[in-house]
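The structure appears right after this line, and notes come after that.
For the numbers below, each heavy atom of this structure counts, side chains included, while hydrogens, waters and symmetry mates do not. Chain letters run A, B, ... following the sequence lines, proteins first, then strands; residues in each count from 1.
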Amino acid sequence: MTTAWDLILPRGLWRRLREHLFPGDGGEHGAVIAAGVARTPTGGRLLAREVIFARDGVDYVPGERGYRMLTADFVRDSIISCRNEELAYLAVHCHGGTNHVAFSPDDVASHERGYPALLDISEGQIVGGLVFAHHAVAGDLWFPNGDRITLRRAVLVGGTRHTLTPEATWPDARPDPRFDRQSRLFGQTGQSVLSDLTVAVVGAGGVGSLAVELLARLGVGHLLVIDPDRVEASNLSRLVDATRLDAMSWFTGLDRPEWVRAIGRRFAAPKVRVARRVARRANPSTTFDAMQRDVTEQDVALALTAVDYIFLAADSMQARLVVNAIAHQYLIPMVQIGAKVRARGDTGELLEVYSVARPVTPESGCLWCNGLIPPGRLAAEAYTEDERGAQRYVDDPTVVAPSVITLNAMATSWAVNEFMCMMTGLPRPYDGSAYVEFWPQSGEVRRGRPRRDNDCPECGVDASSRRARGDSRRLPTRSR
Amino acid sequence: MGPDVARAVEEVRAAFPANPVHATDDGDGGAWVVVEDVDVGTSCQPSETWVGFRIAFQYPYTDVYPHFIRPDLVRSDGRVLGEGTSPGAFPLDGRPAIQVSRRSNRWDAARDNAAIKLLKVVGWLRNHP
């Protein structure tokens, strides 16, 4: 199996780095990227957390053997900082050129002279060099175990996604007639991008099942779907392709003895099985991994850390906390989709009916600092349903748990469309970070920009945040 | 017991150095905690109670509530114990208890902790008019 290592670079960080490396003077400039490390089954990802800019003439000076070099003091201070923070140290400089870049012989010689010593200082952290052209990057990564690996690509993540490689490459663009009509929108290249993606859907209920159908038909190459539940009769109105047989409806009718209903519940189809059926029917080329498990379990959450995008379609706040943490700790864009109906308890008058999609990108505010994961709800969810009943936990009595396929479809379709635009590079007049609410009673579409707290423990710029920390931080999962 | 939960238990022990503190893993990485012989002052009868609560696995993001106290605690002046209290059972072991539900409306994971919350609950029992 080929080992592939990528650099994940938030767009804002890339913008500042690019301005430093290419100010228009045609000269060579340097910096250090401090990056979290995320190991995947097929290699890993370096998660750019911080750029330390080398000042020309002070930190980046004429070289003794090469053209320019980082000073010993700058290197020492940077690598000690990376070591202390458990981050990889990546020395950066630039060359001329646009779509092609490579290390010079002097660069390679410099790596071979200096990186063994840097590995000793870094005490277990990855050390490496990156060289950028305007639209290209090459990387030479050195590992504590003696491996030396060439960086495959840099992935710029944010409102849009873009990749940089050493050479301009054109993905396999053989036309597939199944996608002819949609590839007229984003091209064969865009279709190829979609087929290379791994997308997770957390929650295979009313929202998640719609997302699976749409993503599979779009041509997403690999789906990972997570849901612990089985189909119930009450799901049939909104679970794509679910049948009465899936729900074992004959067994679970309210007029059946409890022991019969228990059999029905036990043998009802797992929702992930229905989702697999939906995906395979929609697009047999999509590979599908199903986990009939809860995302709050540690190994399930860790399976998400190697995907390219996450659709969060689960109801629980516990799931929101875990997936929100993954989005920032591993720099994986996500969207949370849901619906809310509030009604007066005495009259049943509808107060609020809306569905919502809340994108979270590595540099936007997160669900935690926007108050969308109430600590009280997290505490309540730690108890079983029986315990909550015994404790008389009372959620907001005006909120009635809604799930209507038409409401679900509005937000889900928008969210999958946004995902498509992000991945295929379709232009949009905004950065893709706005929350969008669909209010069917009034016909309104409301858009709002999420706030971002600099000291948020999830997405903040503070040194203690989990942002881009990769495997060095523990996720807020169960430990059994 | 996760590291944040373990640290929270130690903070409770530090806040109540004279009281026995028992912590039991809840199986998910959280802990059930029981603090014995907590002084709730002369406004209550008896003036001492055990206090039990759960620190859930996603602490410090989670609020810490409800708390459970001895089932026979009453106010010395005969008034009801207060809003948010109800008879129940402590989920750890099923013993009869009074449930004290004092949810923090502005729980701040960076500032609040289980020990501070317990001190607030005890203070409410002592001083609630």
Side-chain angles (χ1 to χ4, degrees), chain A residues 294-301 316-325 366-369 371-396 453-460 462-466 472-480, chain B residues 1-8 25-33 52-69 83-114 116-117 121:
Chain A
D294 194 308
V295 74
T296 60
E297 296 177 57
Q298 188 176 49
D299 59 321
V300 180
S316 78
M317 294 301 152
Q318 290 181 341
R320 268 193 204 181
L321 187 69
V322 171
V323 177
N324 185 70
C366 74
L367 300 179
W368 177 258
C369 60
L372 293 165
I373 311 177
R377 288 277 303 274
L378 287 174
E381 288 179 6
Y383 292 91
T384 65
E385 198 168 331
D386 288 344
E387 287 170 343
R388 285 201 296 277
Q391 291 162 25
R392 288 187 281 278
Y393 267 100
V394 179
D395 287 328
D396 183 344
D453 289 339
N454 286 335
D455 57 356
C456 175
E458 310 304 283
C459 67
D462 189 81
S464 61
S465 82
R466 65 171 73 245
S472 70
R473 283 287 171 93
R474 189 178 163 276
L475 290 170
T477 55
R478 298 175 198 276
S479 50
R480 290 180 173 152
Chain B
M1 205 183 295
D4 291 318
V5 174
R7 184 165 50 248
D25 285 356
D26 72 355
D28 281 340
W32 292 100
V33 180
F53 52 94
R54 184 179 195 176
I55 305 174
F57 72 94
Q58 289 181 319
Y59 178 92
Y61 300 93
T62 61
D63 190 0
V64 180
Y65 89 111
H67 294 71
F68 298 85
I69 59 178
E83 189 181 323
T85 61
S86 58
F90 186 40
L92 172 62
D93 52 23
R95 70 175 96 164
I98 293 172
Q99 175 180 310
V100 182
S101 296
R102 303 295 298 175
R103 186 169 67 180
S104 299
N105 289 328
R106 292 195 180 84
W107 177 269
D108 183 335
R111 278 200 324 262
D112 296 314
N113 63 43
I116 291 174
K117 184 62 179 280
V121 170

Might you point out which heavy atoms bring B:D63 and A:A379 nearest each other, and give the distance in Å? O-CB, 3.3 Å
Name, in order of residue number, those residues of residues 53-60 of chain B that have a heavy atom at a distance of less than 4.5 Å from a heavy atom in chain A; otherwise write 'none'. B:R54, B:A56, B:F57, B:Q58
Specify the closest pair of heavy atoms between B:F68 and A:Y383, including all atoms of both residues, with the distance to one decimal. CE1-OH, 4.4 Å
Output all residues satisfying side chain to side chain donor-acceptor pair (under 3.5 Å) with B:D4, sequence neighbours left out; order by chain, then residue number. B:R7
Is A:Q298 in contact with chain B via its backbone, its side chain, both, or neither, using a 4.5 Å heavy-atom distance? neither
With sequence neighbours excluded, what pairs up with A:A301 under the side-chain contact (heavy atoms from CB on, under 4.5 Å) test? A:V322, A:I326, A:L475, A:T477
Compare all side-chain heavy atoms of B:Y61 with those of A:M317 and state whether any distance is below 4.5 angstrom. no
Using side-chain contact (heavy atoms from CB on, under 4.5 Å) as the criterion, list what pairs up with B:N105, not counting sequence neighbours. B:R103
Rounded to the nearest 0.5 Å, how far apart are CG of A:L321 and OG1 of B:T62? 9.0 Å
